[in-house]
Novice: 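Take this structure, written in structure tokens, and hold onto it; I'll ask about it next.
Here the structure is a predicted model, which means the values were calculated and not measured. Throughout, protein chains are lettered first and strands after them, A, B, ... in sequence-line order, and every chain is numbered starting at 1.
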Protein chains: 2
Amino acid sequence: MKQKITIKTIAKELGVSTSTVSKALKDSHEISIETKEKIQAYANLYNYKPNHLALQLRNQKTKVIGVILPKIVHHFFSTVIKGIEDGANAKGYNIMVCFSNESYKKEVETLKVLSNGSVDGIIVSIASETLENKDFNHFKGLVSEEIPLVLFDRVVDDILCDKVVVDDVGAGYKATKHLLDNGRKKIALITTPKHVNVGTLRRQGYEKALIEEYIKADENIIVEIDEEANIKEQIRKVFIQEIDGVFAVNEIYAAKAMRVAKEKGLKVPQDLSVIGFTDGLISEYSSPSITTIAQHGFTMGKQAVELLIERIEKESETFKPKKIVISSDLKLRESTKPSS
Amino acid sequence: MKQKITIKTIAKELGVSTSTVSKALKDSHEISIETKEKIQAYANLYNYKPNHLALQLRNQKTKVIGVILPKIVHHFFSTVIKGIEDGANAKGYNIMVCFSNESYKKEVETLKVLSNGSVDGIIVSIASETLENKDFNHFKGLVSEEIPLVLFDRVVDDILCDKVVVDDVGAGYKATKHLLDNGRKKIALITTPKHVNVGTLRRQGYEKALIEEYIKADENIIVEIDEEANIKEQIRKVFIQEIDGVFAVNEIYAAKAMRVAKEKGLKVPQDLSVIGFTDGLISEYSSPSITTIAQHGFTMGKQAVELLIERIEKESETFKPKKIVISSDLKLRESTKPSS
DNA sequence: AAAAGTCACGAAAACGGTTTCGTGTTAACA
DNA sequence: TGTTAACACGAAACCGTTTTCGTGACTTTT
């Protein structure tokens, strides 16, 4: 990189002190108009830009927010990033994005790098491996260092920090209720392993809705997908039973379930209603299009970053963790059209 | 944030100088073993972490790479990010991600922020508005400041920097050829406005393939989509003509074209073959699934970042811009299954 | 016993800015 | 004419770290 022009260069070149240059560039009243004009003209001419690092060091703040996500090639998370970036930008912050790839080790490392002063605060959605391990000491360390931290979507209660979540239980309930209202009785649930708590919460909603209709949850039509293995194969198992509805906790599972249904000669939505989660492109463009629970990733990201910035900027106040719950909406599409 | 422990704190507390502490923490031979042990123990106990900002200022490098993308909620770009992050991480860099939202103004601003010393180099895919304006002075400014810059996918030739692109002409050719090989003759092209040069290049490939078969490109079955207006409506126009193939320059257009075909009672792939671009989730999960040109976003991102880091780390050598061309593959799916 | 070398550490500059607190000069005032 | 205030600028400290170059106290060599 070319040698950058600094305040020192200007000072030397113009025969004044660095303080004078600094003040002149800030239009301070302490400096005479002629001097100011001279300095500003020179700075302009040579395209002077103040060095961010120096300012950050002096001000002890970076105006950067760290973000750690489990993955990025994923509609929900990319939407959240967008929300975070938007919110951050509006307040003059930039974001530094990292990925844990669902790995505990990478999450710990990334957290360490980010907490070395490179960022003013951190937003995280926890890796699934970490959720499985239940080892949250790296987060607790952050909290005790009082580095502002906001968790979203995949959160755990015993980390004392701000959180933004969707009402997963409510959403699971809403989805299941919708199927029941369509006259479906044997509703399969395609979910994640138990340690991914959002899956567990959505399942609670599912069970709650069933109980209200005096239907007993049937373990045979519930499957917890192991992402390492063949997903479709696992889904086929629930189709051995006779079912008339499917609630999948994400849109990929929903799409795969529709494929399996097709194999079995079941017509969606006539024979089978399908509902997914996360309103992504698959749901929109598959055919038939899939009814989903919209998670409002953009809103989540934006709320998370606003919470974080608030925490960063007024740290004087006594700390009391906040939890924001984003409500989710049912987005009706073809896969649950009532057979008229 | 809590008051962080610094080298000064340690020095004062232990009654030694900061230089001693610094050296002790680096296990320098200049320091006696007892002193080292004492200092290291203290540092460990109080969880000392060197301040990144100070190091960055001193070393004049941040180990951060800036990335500016037109958008994120998009399969291709999120895949590229993944590639960039992966490659960067492997070399000890982090990434700072920003979005231009296809806006010229935002691109200029973002570039300004990043070039203030916050990053060691920048990777960009140009905003469509900028491509339309043809105003590239902000990039040329970067180049003349000798800030390492790599452009990818949406590039322009007269910016003198490294570039990573897909072979768009070849890909367009490959896609069209595939349709022709399936016996299709009247192939519609659904593309972007001319200023988005990837669209234009893919069109060249399309025309080349047609010419080889002595087919004249027919303006009536080519549509340049204006994203502001109703996309489906625009696609319907080409269906007024009798067509038996569709080449869409991205997967959204391909999916929408299939919807229109359905409206018109055309069966895919029996009556109509459809081929898209970007191997995303829509192509994979739509039904019928869509044959596409896989763009290898991950590879692009990785190559781009490797090129950039090389440029950053050995800047001694004389500058000669490199251009890496990534070849693209045809991913066969249901939408172009030969009618047997 | 003088010269040289080793050891263990400290002082100070440097990275690029901001900011507080002088200070010398001039002008206004008593 | 002496005091004071305003003006325009500079010196120096500071943010946290690294690194070069001393330097004083011993030890070894001749």
Novice: Could you check which of D/dT19, C/dC15, C/dT18 has an atom nearest any side-chain atom of A/Leu55?
Specialist: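 For the A/Leu55 side chain, the nearest candidate turns out to be C/dT18.
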
Novice: Using a heavy-atom cut-off of under 4.0 Å over every strand shown, decide if B/Lys4 touches base, sugar-phosphate, or nothing.
Specialist: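 No contact.
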
Novice: Which of the following nucleotides, C/dC9, C/dT20, D/dT17, is nearest to the side chain of B/Lys8?
Specialist: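 Looking only at side-chain atoms, B/Lys8 lies closest to D/dT17.
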
Novice: Which is more 5' along DNA chain D, the nucleotide nearest B/Thr20 or the one nearest B/Ala54? Just name the residue.
Specialist: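 Result of the comparison: B/Ala54.
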
Novice: Nearest whole angstrom, please: distance from the P of D/dA6 to the CD1 of A/Ile31.
Specialist: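 Value for this atom pair: 18 Å.
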
Novice: Between A/Thr20 and A/Ser17, does any side-chain donor sit less than 3.5 Å from a side-chain acceptor?
Specialist: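 A/Thr20 vs A/Ser17: donor-acceptor pair found between side chains.
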
Novice: Could you tell me the separation between the CD atom of A/Gln56 and the P atom of D/dT17, rounded to a whole number of Å?
Specialist: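 Those two atoms, CD and P, are 15 Å apart.
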
Novice: Contact class for A/Lys61 vs. all strands (heavy atom < 4.0 Å): base, sugar-phosphate, or nothing?
Specialist: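 Nothing, no nucleic acid heavy atom in range.
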
Novice: Would you say B/Ser22 places a side-chain N or O within less than 4.0 Å of OP1 or OP2 belonging to D/dT17?
Specialist: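 Answer no for this pair, as no side-chain N or O of B/Ser22 is under 4.0 Å from OP1 or OP2.
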
Novice: Counting side-chain heavy atoms from CB outward, which of C/dG17, C/dG10, D/dT18 is closest to B/Ile7?
Specialist: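 Of the candidates, D/dT18 comes closest.
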
Novice: With a 3.5 Å cut-off and just heavy-atom distances, do the side chain of A/Thr35 and the base of D/dA8 make a donor-acceptor pair?
Specialist: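 Side chain to base: no pair below 3.5 Å.
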
Novice: Between P on C/dA14 and CD on A/Gln3, what's the gap in Å once rounded to a whole number?
Specialist: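 Going from A/Gln3 (CD) to C/dA14 (P), I get 14 Å.
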
Novice: Can you find an N or O donor on one side and an acceptor on the other, under 3.5 Å apart, linking the side chain of A/Gln60 with the base of D/dC15?
Specialist: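 Donor-acceptor pair under 3.5 Å: no.
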
Novice: Which whole-number value in Å describes the distance from B/Leu53 CG to C/dG16 P?
Specialist: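 The distance from CG of B/Leu53 to P of C/dG16 comes to 15 Å, rounded to the nearest Å.
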
Novice: Under a 4.0 Å threshold between the charged nitrogen and the carboxylate oxygen, would A/Lys36 count as salt-bridged to A/Asp27?
Specialist: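 The answer is yes: the pair qualifies as a salt bridge.
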
Novice: The side chain of A/Val16 is closest to which nucleotide in this list: D/dG10, C/dA14, C/dG16?
Specialist: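 My answer, after comparing the listed nucleotides, is D/dG10.
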
Novice: Grab the CG-P distance between A/Asn59 and C/dG16 for me, whole Å please.
Specialist: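 Distance, rounded to whole Å: 17 Å.
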
Novice: Identify whether the distance between the nearest side-chain nitrogen and carboxylate oxygen of B/Lys91 and B/Glu310 falls below 4.0 Å.
Specialist: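 No.
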
Novice: Checking contacts here: which listed nucleotide (C/dC15, D/dG10, C/dC9) is nearest the side-chain heavy atoms of A/Glu30?
Specialist: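 My answer, after comparing the listed nucleotides, is D/dG10.
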
Novice: How many whole angstroms separate atom CG of B/Leu57 from atom P of C/dG17?
Specialist: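 Those two atoms, CG and P, are 9 Å apart.
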
Novice: How long is the straight-line distance from SG of B/Cys98 back to CG of B/Leu69, given to the nearest 0.5 Å?
Specialist: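 Between atom CG of B/Leu69 and atom SG of B/Cys98 there are 9.0 Å.
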
Novice: Start with the C-alpha gap between B/Lys2 and A/Glu145, add the side-chain angles, then the distance that decides, and say whether salt bridge (Lys or Arg N to Asp or Glu O under 4.0 Å) holds.
Specialist: CA-CA 6 Å; B/Lys2 209 190 238 175; A/Glu145 284 183 66; over 6 Å; no

Novice: Return the value, rounded to whole Å, for the distance between atom CZ of A/Arg58 and atom P of C/dT19.
Specialist: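 Value for this atom pair: 6 Å.
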
Novice: If the plane angle is over 60° it's perpendicular, under 30° parallel, otherwise tilted; pick one for B/His74 and B/Phe76.
Specialist: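 Answer is perpendicular, since the angle exceeds 60°.
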
Novice: Reckon A/Thr6 touches a base, only the sugar-phosphate, or nothing at all at heavy-atom distances under 4.0 Å?
Specialist: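 Sugar-phosphate, no base atom in range.
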
Novice: Taking only the side-chain heavy atoms of A/Lys23 (C-beta and beyond), determine which of D/dA11, D/dT17, D/dC14 contains the nearest atom.
Specialist: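 Ranking D/dA11, D/dT17, D/dC14 by closest atom to the A/Lys23 side chain puts D/dA11 first.
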
Novice: 5'-most contact on DNA chain C: B/Ser17 or A/Tyr48, nearest heavy atom basis?
Specialist: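 Comparing both residues, the 5'-ward one is B/Ser17.
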
Novice: Contact class for A/Ser32 (heavy atom, under 4.0 Å): base, sugar-phosphate, or nothing?
Specialist: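 The answer is sugar-phosphate, as A/Ser32 gets under 4.0 Å only of primed atoms, P, OP1 or OP2.
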
Novice: Rounded to the Å, how far apart are A/Asn51 CG and C/dG16 P?
Specialist: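 In whole Å, C/dG16 P lies 7 Å from A/Asn51 CG.
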
